[in-house]
Each structure stands twice: as structure tokens, then as C-alpha cells.
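Everything below concerns the one structure shown next.
The chains referred to below are lettered A, B, ... by the order of the sequence lines, with proteins before strands, and numbering in each begins at 1.
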Amino acid sequence: MITSITSNQSRLLDACREKWIAKGLSTTPATLDDAVRIKNGVYKFLGKSQVPVAILNNPIEAWAAVCLFGISRNQVESQVGSQVESQVESQVRSQVESQSVDFIWPWLDGKFYASYCSYLDAFINVFKLRNIPDVAWFLDCANVELIYPLDNICIMSNNFTKLHKNEKGLHNFNGAAVEYASGYKIYAMNGVIVPEWLAETPAYALSFEEYAKITNADIKAEFVKKAGIERLISCGKEIDTYKNYNNEWWNKSEYRLIDMSSVLQGFDYAPHLLMVNQTTKTFHLEGVTPNCKTLIDAFKMRERDNYADYQILDIK
Amino acid sequence: MLRLIKHGEVLFFECKGLPKGLTQIEVQQEYIIVGESETHGNDHRVAVADKLKVKAYKDADGSLYMTNLDKTKVFCPKREKHGESELPESVWEIVKANEFDYVTNQVREVRD
């Protein structure tokens, strides 16, 4: 049992962590030689005959290749087992799965498993544990992304070539957050997958009419962060405000009713409820029906008719 | 006065009792999903430490209700989006907030 670590081991652990973070986020493409070496290691471990390897530009191309080789979903599904959750893997995965019918994320997901690789690497190279199986082949897999070790061919997807992230996940306000060599891109802001137009349109050119077309609250919140709430509501007219009431939670949430009809064609009156998320402190703007003339009307419509009969206990 | 807790678009309205004709929902995990996420799995959940003390129900229209004999938590997997709220012991009706879509001219539930 390990009960303490030396200062040297502590330094080595730091280096190990940095090494695997860098590998997991690397945008350096793997070469064909890398792919052959990784494939050889995988097939040797599996005890399978060596086969050719194909390395494709991105996960969707890799999956298309798997389908081209006539592999049924059932054959591949048996390999699925990865439950790794990370900022990059989960978002790349959800986006690819949403765009590719019947897509299967393979058991060997290479660099997306860098966190587990770092754990193995630390026990082998920092704590010098003996009598453990050879996992060098597994650590080598982190030089590519997805690996489908099929009976007749090994299909891999190569690394993304550009990656933008912040502490919340994939993030780029001015373009794609992830790019692959083939041009496949994933757009995200603060960890929220967003439409291409929202990421590519300059902040100054975003209009409220475009905002009104978004149906998802998280994407709306990212629109507000990018465009700026002051600019977004600058063409609106305040109808009612939390300042007219004496309510602790309304004050905290800074509820305001804003008429946005000046920027929505076809409406003489278009009230929207502006509020501050109590966790993120970001603004949300939601449409309410045109018969809402006060904040109380808005909450009756948003929540329920007898809203005023309830005492707010908490808002998150 | 009855109490209200707002966890994002998911609203917990305290009830004086359960309405008749409800069907109990089998709780299979250590939480109940009370608001599904449309895009990235950050659904709204109620923690279930003891299945005998936290029970969920739905009516014929699919409306959700729950009872908790002990206080419990409302949370999202990504807590940075919505922090935890404490749900005191009581009976609750769980509903989604509405918004008006000026593109389709329709009232719909808020989605995230």
C-alpha cells in the first residue's frame, strides 16, 4: 500500500498530469506510421490476425468507413463500453452522434481516454508498480481518436486540428470550437453546442430577430453573452421592473418586462421577461404573451394563474 | 402560504395533497429526472436517498408530482448551470415554465 509520496514522486506526478493533458488536447495529426504501430499493438493484445489500417480525418468519416466495410451495428455495438466523461469527449460525441445515424462510439476512444491513461502511466512510471499487464499498446492509442478494430480492417479517426476551449468546455465566440482536417467542424460556446451561424456571425451583427428564432434556453443565453444584453435590449422599452415591487427574489433576479416590438416585425407589442440566472449571473430573455402588461401578468403566463399565492423559497 | 422553488425552467409548486388518480413512477436510480435536457444531458434531478421517503407520480396528462418525507436536493449534473436547491419535506407538483414564441405565435415549454 502506498501511504505517502516523496517530493520527487510529487514532481513526477505533476509532469505526468501535464503530459496527458497535452496529449488529450493535442492537435498534431497522427501519421500512417503511427496508425500502423497503434494497430499492431491493439491486434496483438486482442490476439487477432494483423489487418490493414485506414486512418480517416474525423469520427464521421471513420464511422462511414466502418459502414462501407459492411459491418453491422450489432458487430460493433459489442465493443461499446466507454463511459468516459470529459469536457471534450462528451461534446464531440454528442455532436457526432446527432449527425450520423446509428453512430457507435467505440470502446477504444484513444485520446478521449487520456485521463485513464494518466492514471495507468502514474502507477507504472511514477510508483514503479510491478507485475501489471503490459499496457503500452493502450497508452499508445492516445495518439489518435476513435479506433474500430474490426476483423478485416482497423479503422481510426485522426486528431482534431484545432481546439478552442475554456474552463466550461468547448468554446469559441468567433468560429468553430473544434476543426478536423476534412473541414468537419463543431461549434460551441462555454460548453454549449450552438448553430454555426451564431458562432460565425460577428457580435455586432447579431440581431434580436435572430435571437427570437432560437428555441433552446442555453443557446439563447450564449447569444446574450456574445451579443451583450445591453445592446440586445437597447431597442426595447421597459414596461415594468422589479423596482416597482418589494420582493427579495424579484430583486435578486432583477425581473424586468421589456417590449421588443420595435425589432419584431408584425407586432405592436411584444413583451419579454428579462431575468438573471441566480447561479451563473447571466441574463435570460423569454417571450411572454402580448396580453402581459405587468410582471405579475408575465409570471401568471410563465408559471401559473395563481402565482401570487406562492412564497418563493429558492431560485437557482 | 404554499411554497415555490424555481430550478431553471423546472418549477416546484407545493400542494396541500396529492390529487386522485395518480400513477406511481418506479424510481430505479438514486435520483428522479424531473426535467429532461434537450441538448447536453444537463437534466434537472431530485435526489432519492431513500425510495420509501421520496416518491414520484404522474397523472393521466403526464403531469409530475412527488412527495418527500425528508428534505432532499434538486440538482443538475452540471452544477455550474444551476446550483443545488433544497426541497423541504412536502408534496409538490412539478411543472415546466412557459414562454411565448414570437416566430410561431405559440406558447410552449421553456427548453434547455
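When every heavy atom of A:Ala212 is checked against every heavy atom of B:Asp101, the shortest pair comes out as O-OD1, 4.1 Å.
Identified by a heavy-atom distance below 4.5 Å to chain B, the contributing residues of residues 275-314 of chain A are A:Asn277, A:Thr279, A:Thr280, A:Glu286, A:Gly287, A:Val288, A:Thr289, A:Pro290, A:Phe299, A:Met301, A:Arg302, A:Glu303, A:Arg304, A:Tyr307, A:Ala308, A:Asp309, A:Tyr310, A:Gln311, A:Ile312, A:Leu313, A:Asp314, in residue-number order.
Neither the backbone nor the side chain of B:Glu109 comes within contact range of chain A; no heavy atoms are under 4.5 Å apart. Contacts of B:Ile5 with chain A are made by both backbone and side-chain atoms, with heavy-atom separations under 4.5 Å. Heavy atoms of A:Ile315 lying under 4.5 Å from chain B belong to its backbone as well as its side chain. Looking at B:Glu93, the atoms closer than 4.5 Å to chain A (heavy atoms on both sides) all sit in the side chain, from C-beta outward.
Crowding of B:Glu36 atom CD: a count of heavy atoms from other residues, nucleotides or ligands under 6.0 Å not exceeding 12. By the 6.0 Å contact criterion, CG on A:Asn246 is open, its count of non-hydrogen atoms from other residues, nucleotides or ligands being 12 or less. Around NZ of A:Lys252, the count of heavy atoms belonging to other residues, nucleotides or ligands within 6.0 Å exceeds 12.
In terms of heavy-atom pairs under 4.5 angstrom with chain A, the leader among B:Gly8, B:Gly83, B:Pro88 is B:Gly83. For the options B:Glu84, B:Glu86, B:Lys96, heavy-atom pairs under 4.5 Å to chain A are most numerous at B:Glu84. Note on A:Leu264, A:Thr215, A:Leu273: by heavy-atom pairs under 4.5 Å with chain B, the leading option is A:Thr215.
If you look at A:His272 and B:Tyr102, their ring centroids are closer than 6.0 Å.
Residues forming a ring pair (Phe, Tyr, Trp, His ring centres under 6.0 Å) with A:Tyr119 (at least two apart in sequence, or on another chain): A:Tyr116, A:Phe123.
Once rounded to the nearest 0.5 Å, the distance linking CD1 of A:Ile214 with CZ of B:Arg111 reads 12.5 Å.
When atom types are taken as modelled, the side chain of A:Lys316 and the backbone of B:His7 share no donor-acceptor pair closer than 3.5 angstrom.
At least one side-chain heavy atom of B:Glu99 sits under 4.5 Å from a side-chain heavy atom of A:Lys220.
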